Amino acid sequence: MEKIGFVGMGNMAKAIAAGFSASGKVLKTDMLAYAPNQEKLKKNSREIGFVPCESLQSLLEKSGIVIIACKPHQVESVLSEGADRFKGKVIVSVAAGWSHEAFLRILGSGAKVQCVMPNTPAMVGEGVLLFEKEHSLEAQERETVKDLFSSLGIVEELPAGLMGVGGAVSGCGPAFMDLIMESYADAAVKYGISRDMAYRLVAQTMAGSARLLQRTGAHPGALKDAVCSPGGTTIRGVDALEKNGLRAACISSIDAIMEFKKG
């Protein structure tokens with residue numbers, strides 16, 4: 001496989017690089033990265049194992065696949081700085097808010113671009129990788145990129161117009177799931193369970209429930225009903241959640257993100 005160059009090494013890029021390495025599909029020596037903060041870059045390199053580059057130009061000269069993982073407001077300046085060196089490269093963007101069309105406006109119609117929206121569970125091979133349907137890679141190039149990212153979790157495809165909401169659900173979603181897990185762990189601690197045990201119980205309960213949904217294909221409502229015995233404890237808990245607006249709160253969290261994206 002060609003060398004993979006990361007432009008930017010923030011939390012998302014670190015999750016992807018760690019996931020690639022853990023999957024065994026990419027050698028650490030085949031991953032390069034550039035970021036302006038060289039001290040932090042070298043520290044991350046020691047933790048994850050990629051090869052740090054001292055300049056964007058050096059990274060582009062050595063990489064066949066370039067992952068744009070800098071902050072969204074930095075993308076345009078990075079593309080301008082790289083100029084002609086991006087020609088012929090397979091460009092994979094994980095920068096939020098950037099579409100295939102936006103890249104072509106800057107790099108020209110001949111650029112090879114695939115936009116992907118990942119999430120942090122990619123670090124442990126349990127991520128969601130949303131591929132924008134619109135792209136300009138050749139068939140074999142796209143299969144290579146899809147195969148690479150499939151080592152980080154499940155790959156799903158969405159048209160450009162739905163990437164925003166898809167990213168809100170799967171990209172922001174881990175924070176919401178973490179908040180829910182923390183809340184139930186707090187409840188367990190309130191009634192005497194140790195903090196470590198509480199986190200283990202809650203994390204496995206959420207992971208197991210998600211896996212059950214995936215493997216059975218059952219409607220989540222049916223899985224919920226299977227736990228709710230008539231007149232039992234679970235239905236009383238469900239009733240309390242409904243009275244306190246759990247569903248509305250979850251939907252409102254996505255509404256808030258989509259409203260913010262509108263500007």
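The first residue in the sequence is number 1, and the count goes up from there. Fair warning: this is a prediction, and the values are worked out from it, not measured in the lab.
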Original post:
Should the pair Phe6 and Phe20 be assigned to parallel (<30°), tilted (30 to 60°) or perpendicular (>60°) ring geometry?
Top reply: tilted

Original post:
Between the main-chain N or O of Ile4 and the side-chain N or O of Lys62, is there a donor-acceptor pair closer than 3.5 Å?
Top reply: no

Original post:
Within the side chain of Lys25, is there an N or O that forms a donor-acceptor pair under 3.5 Å with the backbone of Asp147?
Top reply: yes

Original post:
Where is the tightest heavy-atom contact between Leu32 and Thr29, given as atom of each residue plus distance?
Top reply: CD2-O, 4.4 Å

Subject >> Heavy-atom donor-acceptor pair, Ser58 side chain to Ser55 backbone, under 3.5 Å >> reply: no

**OP:** Report the C-alpha separation of Val66 and Val90 in whole Å, then their side-chain angles, then the decisive distance to 0.1 Å, and conclude whether the side-chain contact (heavy atoms from CB on, under 4.5 Å) test is met.
**Re:** CA-CA 6 Å; Val66 180; Val90 171; over 6 Å; no

Subject >> Value rounded to 0.5 Å, distance of CE in Met181 from CG in Asp186 >> reply: 12.5 Å

Original post:
Quick one: do Asp239 and Arg236 make a salt bridge, cutoff under 4.0 Å?
Top reply: no

Original post:
How far does CG of Leu162 sit from CD of Glu132, to the nearest 0.5 angstrom?
Top reply: 10.5 Å

Subject >> Atom NZ of Lys261: over 12 foreign heavy atoms under 6.0 Å >> reply: yes

Subject >> Glu39, CD: over 12 other non-hydrogen atoms inside 6.0 angstrom >> reply: no

**OP:** Apply ring-ring contact (aromatic ring centres under 6.0 Å, His included) to Phe50 and list each qualifying residue two or more places apart in sequence or on a separate chain.
**Re:** none

Original post:
Measuring from Lys3:NZ to Ser63:OG, what's the distance to the nearest 0.5 Å?
Top reply: 8.5 Å

Subject >> More than 12 heavy atoms from other groups under 6.0 Å of CD on Glu242 >> reply: yes

**OP:** Look up atom CE in Met9 and atom NZ in Lys43, then write down how far apart they are to the nearest 0.5 Å.
**Re:** 13.0 Å

**OP:** Identify the two heavy atoms, one from Ile48 and one from Ser21, that lie closest to each other, and give their separation to 0.1 Å.
**Re:** O-OG, 4.5 Å

Original post:
Are the charged groups of Arg211 and Glu126 less than 4.0 angstrom apart, N to O?
Top reply: yes

Original post:
Hey, is Lys133 close enough to Glu156 for a salt bridge, meaning N to O under 4.0 Å?
Top reply: no

**OP:** Say whether, by atom type as modelled, one donor and one acceptor occur between the side chain of Ser252 and the main chain of Asp255 under 3.5 angstrom.
**Re:** no

Original post:
Looking at CZ of Phe103 and SG of Cys115, how far apart are the two atoms once the value is rounded to the nearest 0.5 Å?
Top reply: 5.0 Å

Subject >> Expected output: side-chain Lys112 to main-chain Ile91 donor-acceptor under 3.5 Å >> reply: no

Subject >> Met258 CE: over 12 foreign heavy atoms closer than 6.0 Å >> reply: yes

Original post:
Going from CD on Glu143 to CG on Leu148, what distance comes out if it is rounded to the nearest 0.5 angstrom?
Top reply: 12.5 Å

